[in-house]
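One structure is given below, encoded as structure tokens.
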Amino acid sequence: MINKLILGDNLEILKTMESETIDLIYLDPPFFSNRNYEVIWGDEGEVRSFQDRWSGGMEHYIAWLKERVEEMHRILKPTGSIFLHCDWHADAYIRVMILDRIFGMNNFLNEITWKRTTTHNDSKQGAKQFGRVQDKIFFYVKDLKKFTFYPQFERYTSDYITSSYNKSDPDGRRFKASDLSAAKPGGDTSYEWKGWSPPAGRYWAYSKANMEEFEQQGRLYYSDKGKPYLKHYLDEMPGNSVDDLWHNCVFQNKAERIGYPTQKPMALLERIIKCSTQEGDLVLDPFLGGGTTVAVADKLNRKWIGIDQSVQAVKVTELRLDKQQDLFSSPFAVQLHKYDYDTLFNQNAFDFETFIIQQYGGVPQNKKGGDKGIDGKMQSGEPVQVKQSEGIGVNVVKNFSVSAKQYNKSLFEKNQAEKKPVGYIIAFSFGKGAVQEVARLKLEENIIIELVTVDNIVPIAKKPALNIEITKSVRTEKDVWEIEFTALGTAEAGIEFYSWNFDYNAEKGFKADVMIDKEGTQIHKFKAGLHNIAVKVVDNDGLENIEVVKLKVNGIVERTN
Ligand SMILES: C[S@@+](CC[C@H](N)C(=O)[O-])C[C@H]1O[C@@H](n2cnc3c(N)ncnc32)[C@H](O)[C@@H]1O
């Protein structure tokens with residue numbers, strides 16, 4: 001599965017990614033500004049990153065970003081593009097000290113000016129500077145000879161439409177009447193058309209056969225005096241080709257706003273993604289934030305990877321995608337620092353074996369069912385068995401020592417002679433009997449079997465506990481009740497936020513109505529009837545739990561589960 005949200009410092013993650021695999025990188029790093037509101041999410045991961053780039057001045061910030069952009073350059077395909085979004089704080093430094101150096105001045109294509117707002121605090125009365133309303137987006141490519149670019153168009157302004165597309169067919173279809181003459185002849189272009197010839201020294205732009213075809217199609221317009229013109233229909237025009245001043249990439253409506261300060265409009269990312277990729281291409285956003293890039297990439301059928309150091313950013317993006325996606329959307333994976341015990345314990349056995357052996361550095365058996373209890377091997381060939389259970393007993397060890405020998409007799413005997421492990425058993429925990437049998441085999445038969453617990457391979461945590469109560473209900477109108485819910489989550493890691501879906505449908509999945517609720521209290525209005533309310537709690541490790549409250553509102557408010 002390619003589509004992936006990854007929690008972590010992007011530098012570490014980028015280093016693990018294969019070279020020349022990405023078609024487009026859009027990055028919107030935190031700006032160079034020592035202000036607290038640059039901390040968006042406020043969780044541990046983000047605060048760490050904030051301190052990281054702020055422990056020095058501009059030089060430090062540039063060095064921090066530069067080492068990341070170097071990795072981005074490496075993983076970009078030769079046909080790929082990068083768009084780096086920044087503002088006045090450091091734009092000049094970023095272009096000269098990072099992008100020109102890493103991508104080369106030759107591979108610079110545009111400095112896009114994006115008008116991000118029309119009003120700004122710093123242009124209030126009494127301000128001693130002009131209002132700052134623009135961001136910069138630097139567009140570079142990896143290789144000027146190989147990159148791909150798909151021109152974009154934007155709608156004509158209404159003024160232009162009114163003045164140019166000022167005619168319409170009886171059915172209301174708007175068109176512009178375009179001159180039919182041309183400066184140069186091109187075949188059959190000197191003839192008389194309904195008593196009209198082109199002005200002296202000019203020719204018709206089309207042959208007579210073409211004119212006849214236009215006539216038949218109703219594409220000729222005649223002025224009051226009978227002069228012919230060609231109709232250019234507004235609905236057939238692509239619009240103006242986009243230049244490097246971007247004014248119109250704004251939020252489409254209130255619903256698009258999730259409620260965090262640095263969210264970028266989907267229209268902005270749509271333009272960037274469409275101009276540089278095609279369906280199926282791979283888009284990376286290493287400073288994911290609330291996930292605008294991956295949400296748009298997903299809509300446009302691109303593959304995507306998003307990285308953020310903040311648990312909140314990753315989880316909000318997950319909720320956003322869950323809300324946006326339907327049954328036909330591609331699945332995606334979320335990679336956190338910790339794994340949820342229940343999920344691993346109950347995962348499909350084959351998937352679990354494959355995952356845990358890979359995490360251990362081994363090679364999983366690629367067919368289901370295993371081979372006499374052997375589920376994979378180490379790189380050096382010793383067999384690995386996986387037990388997706390707790391308290392593994394003595395018999396498992398006994399049987400494994402037999403099948404390990406059968407699996408590769410010569411390696412078994414060689415390792416036995418060299419006092420090296422002959423094989424590995426992975427499980428959630430081992431009983432006393434298993435541990436004693438391992439000790440006996442070692443002592444009496446020189447056979448070393450390693451018992452490895454899952455939490456030694458991957459960090460595991462329990463998902464947060466969650467309890468929901470109805471704390472108030474008031475009838476506000478004849479058939480309407482205002483109900484207050486209080487959610488209380490508990491987790492060792494600490495609770496990050498709650499998220500609410502007031503008309504939850506298990507088949508459609510969790511579609512958040514309130515995405516980030518730090519307090520855990522919500523008041524919502526309900527009409528008489530049956531309602532399912534789902535609440536998610538997310539902890540500081542990104543682990544989550546969900547509870548569904550079933551309500552019957554009918555004269556009284558009754559919880560039925
Ligand atoms: C300006 S926001 C991105 C906003 C995003 N373009 C959007 O539309 O929602 C920057 C993001 O970078 C993340 N970040 C900062 N340092 C990071 C790092 N070293 N690795 C990964 N993410 C980081 C922050 O947590 C924050 O979510």
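We count ligands from 1, going down the list as the structure has it; atoms in each ligand are counted the same way.
Ligand-side atoms of ligand 1 in range of Ser310: 25 (O), range being under 4.0 angstrom from any heavy atom. The distance from ligand 1 to the heavy atoms of Pro286 drops below 4.0 Å at these ligand atoms: 21 (C), 22 (N). Listed by number with element, the atoms of ligand 1 under 4.0 angstrom from any heavy atom of Thr292 are 7 (C), 8 (O), 9 (O). Within ligand 1, counting atoms from 1 as listed, the ones closer than 4.0 Å to a heavy atom of Asp308 are 11 (C), 12 (O), 13 (C), 21 (C), 22 (N), 24 (C), 25 (O), 26 (C), 27 (O). Of all the atoms in ligand 1, the ones that sit under 4.0 Å from a non-hydrogen atom of Gly8 are 20 (N), 21 (C). Every atom of ligand 1 is numbered from 1 in the order shown, and the set under 4.0 Å from a heavy atom of Asp9 is 18 (C), 19 (N), 20 (N). Numbered from 1 in the order shown, with element, the atoms of ligand 1 that lie under 4.0 Å from a heavy atom of Lys264 read 6 (N), 7 (C), 8 (O). The Trp64 neighbourhood of ligand 1 comprises atoms 16 (N), 19 (N), with distances under 4.0 Å to a heavy atom of that residue.
The backbone of Leu288, and not its side chain, has at least one atom closer than 4.0 Å to an atom of ligand 1 (non-hydrogen atoms only; backbone = N, CA, C, O). Looking at His85 against ligand 1, nothing comes within 4.0 Å, counting heavy atoms.
The two atoms that bring Gly290 and Ile258 nearest to each other are O-CD1, 4.3 Å, heavy atoms only. Residues Gly280 and Lys303 approach most closely at O-NZ, 3.2 Å, considering heavy atoms.
Note on ligand 1: Gln312 sits outside its first shell, no heavy atom being nearer than 4.0 Å.
Between Leu5 and Trp304 the shortest side-chain heavy-atom distance falls below 4.5 Å.
Remark: aromatic rings of Phe485 and Tyr498 are distant, center separation not under 6.0 Å.
With a 6.0 Å radius and a threshold of 12 heavy atoms from other residues, nucleotides or ligands, Tyr93 has its OH atom at or below the threshold.
Considering backbone and side-chain N/O atoms, Gln263 never comes within less than 3.5 Å of an N/O atom of ligand 1. Of the polar atoms of Gln309, at least one N or O is found under 3.5 Å from an N or O of ligand 1, judged by distance alone. Any N or O atom pair closer than 3.5 Å counts here, and Pro30 shares no such pair with ligand 1.
Judged by the 6.0 Å and 45° rule, Lys315 forms no cation-pi pair with Phe497.
Within the set Val316, Thr317, Asp28, Ile6, the minimum heavy-atom distance to atom 4 (C) of ligand 1 is found for Asp28.
Asp135 meets the side-chain hydrogen bond (donor to acceptor under 3.5 Å, both in side chains) test with His85, Arg116; sequence neighbours excluded. Under the salt bridge (Lys or Arg N to Asp or Glu O under 4.0 Å) criterion, Lys274 pairs with Glu270, sequence neighbours left out.
By the 30° and 60° cut-offs, the orientation of the rings of Phe510 relative to Tyr504 is tilted. Between Trp500 and Phe502, the ring-plane angle classifies as parallel under the 30° and 60° cut-offs.
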